[in-house]
Amino acid sequence: MWTIKEIPDLTGKIALVTGANTGIGFETAKALYKAGASVTLAVRNEVKGLAAKEQIEKEGGKGILNVAVLDLASLRQVEKFATQFQKEQAQLDILVNNAGVMIPPPSLTEEGFELQFGVNFLGHFALTGHLFPLLKKSTNARVVTLSSGAAIRAAGIDFDNLRLEKPYDAWREYATSKLADLLFTFELHRKLKENNNTILSVAAHPGVTKTDLQRNISEAELQQLLAEFKEVMEPWQGALPTLFAATDTAVISGTFYGPDGKHEYTGYPAPSKHHTAAMADQQLAADLWSYAEKATGIYYSF
Ligand SMILES: NC(=O)c1ccc[n+]([C@@H]2O[C@H](COP(=O)([O-])OP(=O)(O)OC[C@H]3O[C@@H](n4cnc5c(N)ncnc54)[C@H](OP(=O)(O)O)[C@@H]3O)[C@@H](O)[C@H]2O)c1
């Protein structure tokens, strides 16, 4: 049973966690800080970010905490954030692409992408690309991207519906975005390997964890879902697959980690058994990568 006690000393490591003001991102940032890392809490709301920093510091730790504003629904803002981050940091050891939004009302990012696809995947594709030179400066960098068990519900990526072209189906669009996160992780892993790069690219999912992610679900639907899941985890436990992926020496690049319980709803970190044809589709992953390059204008400097 892997817990935060297994996290090695991270003194001197530079980490960045998106969506770190609450939920899994908050617990992830807190544990990395406790282990000694210098952690930037990348948040879209500075007030919430400063409150999170205060809370983490109150609980104690030996690292360093910074707060920086990052709105993943704007590629312009992502670039602005990354430019500043690169001025302030000499390297990046742990990048956690955690921020996410689930079943919001139909909405678009600043550049006109469906919000879940834009925030959960495209913003993180752009962020990772902008920060790639800093990741290359670390001797053992890791990129951890949050996917979800919901990814099994996406049969593929509908490239003709990434800008809300078709009638909105909130859950379908969420599943698409989380499949995209997984395909991104695997394709990044393959590209890193081809280029003999030592950066690890891994994915994690927190099973079923009670967080603010459920904020757009009606009370009736939430009760129905909770009855279906039976058990849910608290954020500290939901963050364990992420923390394992971000820090453990046994982690293998190109792997998806999640909780080890029934249906992967709850439990402790282990390689995920979720598997669908879409997840294994290398052509789809390559097509998504090309799409993202054109959509963001970012071409990774392998
Ligand atoms: N909870 C689960 O059961 C579950 C299951 C599977 C996967 N996941 C994944 O786990 C990750 C963390 O989710 P969580 O459960 O911790 O949810 P959460 O408590 O709602 O946290 C999500 C975080 O993302 C931030 N965020 C949302 N939109 C953003 C934007 N446009 N730009 C920057 N940050 C933004 C939120 O900021 P604000 O607080 O300002 O809104 C918040 O900090 C997500 O990727 C989610 O898909 C969660």
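Computed from a prediction, not measured in an experiment: that's the story for all the values here. We're numbering straight along the sequence, starting at 1. Order of listing sets the numbers, starting from 1, for every ligand and every atom in it.
- Considering only residues two or more places apart in sequence or on other chains, Val232 meets the side-chain contact (heavy atoms from CB on, under 4.5 Å) condition with Val208, Lys210, Leu226.
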Every pair of nitrogen or oxygen atoms between ligand 1 and the protein that is under 3.5 angstrom apart - can you list them with their distances to 0.1 Å?
| unit_1 | atom_1 | unit_2 | atom_2 | d |
| --- | --- | --- | --- | --- |
| ligand 1 | 1 (N) | Thr209 | O | 3.0 |
| ligand 1 | 1 (N) | Thr211 | OG1 | 3.4 |
| ligand 1 | 3 (O) | Gly207 | O | 3.4 |
| ligand 1 | 3 (O) | Thr209 | N | 2.8 |
| ligand 1 | 3 (O) | Thr209 | O | 3.2 |
| ligand 1 | 15 (O) | Thr211 | OG1 | 2.6 |
| ligand 1 | 16 (O) | Ile24 | N | 2.9 |
| ligand 1 | 17 (O) | Thr211 | OG1 | 3.4 |
| ligand 1 | 19 (O) | Asp212 | N | 3.2 |
| ligand 1 | 20 (O) | Leu213 | N | 3.0 |
| ligand 1 | 20 (O) | Arg215 | NH2 | 3.0 |
| ligand 1 | 24 (O) | Gly100 | N | 3.2 |
| ligand 1 | 31 (N) | Asp71 | OD1 | 3.0 |
| ligand 1 | 32 (N) | Leu72 | N | 2.9 |
| ligand 1 | 39 (O) | Asn21 | ND2 | 2.9 |
| ligand 1 | 39 (O) | Lys48 | NZ | 3.3 |
| ligand 1 | 40 (O) | Arg44 | NE | 3.2 |
| ligand 1 | 40 (O) | Lys48 | NZ | 3.2 |
| ligand 1 | 41 (O) | Arg44 | NE | 3.3 |
| ligand 1 | 41 (O) | Arg44 | NH2 | 2.6 |
| ligand 1 | 41 (O) | Arg215 | NH1 | 2.9 |
| ligand 1 | 41 (O) | Arg215 | NH2 | 3.2 |
| ligand 1 | 43 (O) | Gly19 | O | 3.2 |
| ligand 1 | 43 (O) | Asn21 | OD1 | 2.6 |
| ligand 1 | 45 (O) | Asn98 | O | 2.8 |
| ligand 1 | 45 (O) | Lys178 | NZ | 2.8 |
| ligand 1 | 47 (O) | Tyr174 | OH | 2.8 |
| ligand 1 | 47 (O) | Lys178 | NZ | 3.0 |

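- Lys191 and Glu187 are joined by a salt bridge, as a carboxylate oxygen and a charged side-chain nitrogen come within less than 4.0 angstrom of each other.
- Partners of Ser74 by side-chain contact (heavy atoms from CB on, under 4.5 Å), not counting sequence neighbours, listed by chain and number: Arg76, Gln77, Glu110, Glu111.
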Please tabulate, for the side chains in residues 145-157, all donor-acceptor contacts under 3.5 angstrom to protein atoms that are two or more places apart in sequence or on a different chain.
| unit_1 | atom_1 | unit_2 | atom_2 | d |
| --- | --- | --- | --- | --- |
| Thr145 | OG1 | Asn97 | ND2 | 3.2 |
| Ser147 | OG | Lys178 | O | 2.8 |
| Ser148 | OG | Ala150 | N | 2.8 |

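- Inter-residue side-chain proximity for Trp236 and Ile4 is flagged as unmet; no heavy-atom pair is nearer than 4.5 Å.
- With hydrogens and angles ignored, the 3.5 Å screen pairs no side-chain donor or acceptor of Glu264 with any backbone N or O of Gly261.
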